[in-house]
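For clarity, every value in this text was computed on a predicted model and none was experimentally measured. Below, read A as the first sequence line, B as the second, and so on, with proteins coming before strands; counting in each chain starts at 1.
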Amino acid sequence: MEDDFDHTLDSNYGSSHDKVIVHLDADCFYAQVEMLKNPELRTLPLGVQQKNLLVTCNYVARQCGVKKCMLVSDAKRLCPSLILVKGEDLYDYRQMSTKMTLLLQKFSPLVEKLGLDENFVDVTQLVAETLKSDFAGGRNVEGHVYGDTTSMCDCGCYERLCVGSQIASEMRKQLKEELGVTCCAGVAYNKLLAKLVCSTHKPNQQTTLFPAGVSALMLNLNNVRSLPGIGHRTSEILQSLGISSIEQLQNINLEPLEQALGRTMAERLKKLSVGADDMVVKPSGKPQSIGLEDGFRKITLESEVKDKCEVLLQRLMILLVEDGRIPGAIRVTVRKYDNSSRYSHRESRQCNIPSSLFLPKVGTLPSNAHDKLLTSIMKLFHKIIDISKPFHLTLLGVAFTKFHERNTGKGSITSFLVKDISVQSVMNFQNISLHGVEAMECSSSKNAGKQSGSTLNYADKSGSESEPEPSPKKTRADFCRGSRKRSLTESDKDSPNKHRSSELRLSTGEPINEVDFSKLSDGIQEELMESCMSLPSLTDKLGISDNSSPNTSMSSEDNFQCPSNVDPTVFRELPQELQLELMESWQTKDRETLKVANSSKCLPGKPKQNSILKYVISKK
DNA sequence: AGTTATTGAG
DNA sequence: CTCAATA
C-alpha cells in the first residue's frame, strides 16, 4: 500500500497499463434469478416479461431463436413452449444485485455498479499485493485471451493482467457457489476495454485483453454506436460528419469533431476510439435523487395532475423510508404534449423543503407531511403550467434530491424508531402497491401502449457508506480460499419467495414493529425525545441552503426554506417548534417578523461523499 | 452558486 | 423509466 497509484501524474493518462479492471456481467440476469427462485425452470425455455415485452430469456429459449427485447407474441410464435414469468417487481433482482456487489467488495472497495447486473472492480491493489507476496512464478491466464498475444508490453502489465484474470475467475467462482449466479468477466487495464472484452465470450466465460489485442478489439466493433459513451444523439451527429465506423473516428481530424461536439467530448471520443479511457472506478453509493414518473396519453385537468402526483408521492415516501436519508428538495417534472419532437421535451422545477417534515413528531404522527409536500408539488407544477390556459401533459414526475444522512448513530434506537414511525405513517395513509416496470437491456423500444405504468426503480443501497467490510489487507490466499462462510444460509432464510407486491419491505429486512411511545422505558423515551430535539437543528444546518437571492429565475420565493435572513447559528439553537414556526412564517411571506442577520452558505459545493463530518468541517 | 436541460446507460 | 454526469 506504500505503492502509489497516482494516475493523475501520468502523462499518458488513459492509455497507461498500470491498472487492472474487472468487469462482471451476469448472464441474462432476470432469467437467472427466476430460475434460482424456481429451479424447475432451469431446463425449460424461459422468458421474463414486462408489459408486452420479453426483456430477457434464458439460454434454452435462445436456442429456439428467442431474443431479448422481442415482443412476447413474436417469441411465443418462435417457441410455443416458452414459459413466461412476470418481471415487473424488481425486488428480488435488486436483492440479488446487492448481494453480488457485496461479495465483490471483498476483493476491493472500488466496486462500481452499472445497472442491476453489471459491476466494475478495480483490483489494482489486490494484484499488487498478490504479486508481492506470491513468489511462485508461473503466470497463467484464466479463461480466454482476446486476440494477439505475440507482441509483449514490458511495463509489467502482462503479469498484472494474468493475476487479474485469476482474480476474476475466483470472483465468478464465488458468485456461482455462494449466490448461484453465473457471470461473464472481462479483464483489462481500463474500464472501456474491460467492458468491451467482457462480452466477447458469452455466456459464463471470461476474457482477458492485453495491449497487443486492443487494436483488433476496437476495430472489430461494428460502429461508433457500440462505444460506451456514444448514444443515439452523438452517433447521429457523427453520422452527419460521415463517421460511422470506429476506424473513421480514429482517423478524423480533431477540429471538425470539436466543431460539432465541443472540445472535451471530441477529445474523449478520439481516445475512446483507440481504446484509451481514463475513467476511474467510482464506488457507487446511494443515489443522489429518488424519483418516480408516470407516462400517459393525456392529462388536461389540474385535478388529474393532483391525483397523479398524490399517488406518485405515496409510493415515493416508501422508497424514501427504505433509503433512510432525508431529502432537502423536491422536484416536479412535466412533459407537454408535442407530436413534432418524439423526444423528451421535459421541464422541471424544484424547491427546498424543511427536513422537519421527515422527522417523527412524538405522540402526534406527522399526518400533514403528505399534504405539505403535495402543496409544494402543486406550486411547482403551477410554475411550469399556466392552468388558465388549456394544457396537455404526457408525463408527470416527482423526485426528492439534496439528501443528507440522518444524524443519529446507525444502530441507534432513534434511527430505528424514526424509520418505524415513518413507515407507519406511510402505511396509514393508504395501502400501497409496489410495482415496477423496467425496460432493461432494451434500447427503449417505444412504449406504444398507453399508461406506461410508472417505474419503481432506484439504485441499491449496497453503497460504500454501509461499508460492510473494511477488508483488512487481503492476500492472495485470502481471496483464493474465499470466505465461504457467508450467505448460503442467509439467503436461504430470507429466500425471495412470493413477496407480494403490496408488501412493505424495509431495506434491512427487519419486521415492522408497532411502537407505542408511552410503553417505552423512560430512558428510551428520553433518548428519543432528545434526539428529536437535536435532529432538526443538525439537519437544517446541513441540508437547507439559504438561497436568498430573488433574482435566480424561477427558484425560491415560496415553499419552505431555512429563513435566509436569520443567522443560521442562532436558528440552529432554537427549539424545534420555534424553528418550524419561523420557517413557516417565512414561507408564508410573513417575513417582516424576522430579524435580519447575516446568512452564510449552508451547503458545501460538492455533496459528494455525504459524511456528516465533512459537511460540518467544510462549513467553517 | 444553484437550477434546469440534455444525453447516455441500464 | 431511473439515475448520473454535464452543459
Measuring from the side chain of A:Glu293 (C-beta onward, heavy atoms only), which nucleotide among B:dT3, C:dT2, B:dT7 has the closest atom?
C:dT2
When you measure from the side-chain N and O atoms of A:Arg225 to the phosphate of B:dA9, is any distance below 4.0 Å, counting only OP1 and OP2?
yes
Taking 4.0 Å as the cut-off, does a side-chain nitrogen or oxygen of A:Lys402 come that near to OP1 or OP2 on B:dT3?
yes
Which listed nucleotide (C:dC3, B:dG10, C:dC1) is nearest to the side chain of A:Leu395?
C:dC1
On the six-membered ring of A:Tyr91, is A:Arg94 placed so that its NZ or CZ lies under 6.0 angstrom from the centre and within 45° of the ring axis?
no
Touch check for A:Leu261, heavy atoms < 4.0 angstrom, all strands: base, sugar-phosphate only, or nothing?
nothing
Is the phosphate of B:dA5 approached by A:Ser348 (side-chain N or O, under 4.0 Å from OP1 or OP2)?
yes
Contact class for A:Gly229 vs. all strands (heavy atom < 4.0 Å): base, sugar-phosphate, or nothing?
sugar-phosphate
Going through the distances and angles, do A:Lys308 and A:Asp294 end up as a salt bridge (Lys or Arg N to Asp or Glu O under 4.0 Å)?
CA-CA 8 Å; A:Lys308 272 275 182 262; A:Asp294 195 351; 3.7 Å; yes
Note: A:Glu347-A:Arg349 ion pair, threshold 4.0 Å (strictly below)
yes
Side-chain N or O of A:Gln288 closer than 4.0 Å to phosphate OP1/OP2 of C:dT2:
no
From the candidates B:dA5, B:dG10, B:dT4, the one with an atom nearest any side-chain atom of A:Gln350 is B:dT4
Pair A:Glu267 + A:Lys270, salt bridge at N-O below 4.0 Å
no
Is there a side-chain contact between A:Arg346 and the phosphate of B:dA5, meaning an N or O under 4.0 Å from OP1 or OP2?
no
The side chain of A:Asn352 lies closest to which of these nucleotides: C:dA7, C:dA4, B:dT3?
B:dT3
Given C:dA4, B:dT4, B:dG10, the nucleotide with the shortest approach to the side chain of A:Arg349
B:dT4
Within the pair A:Thr264 and C:dA7, is there a side-chain N or O less than 4.0 Å away from OP1 or OP2?
yes
Kindly say if A:Lys282 contacts the phosphate of C:dA5, meaning a side-chain N or O under 4.0 Å from OP1 or OP2.
yes
Below 4.0 angstrom, N of the basic side chain to O of the carboxylate: do A:Arg335 and A:Glu293 qualify?
no
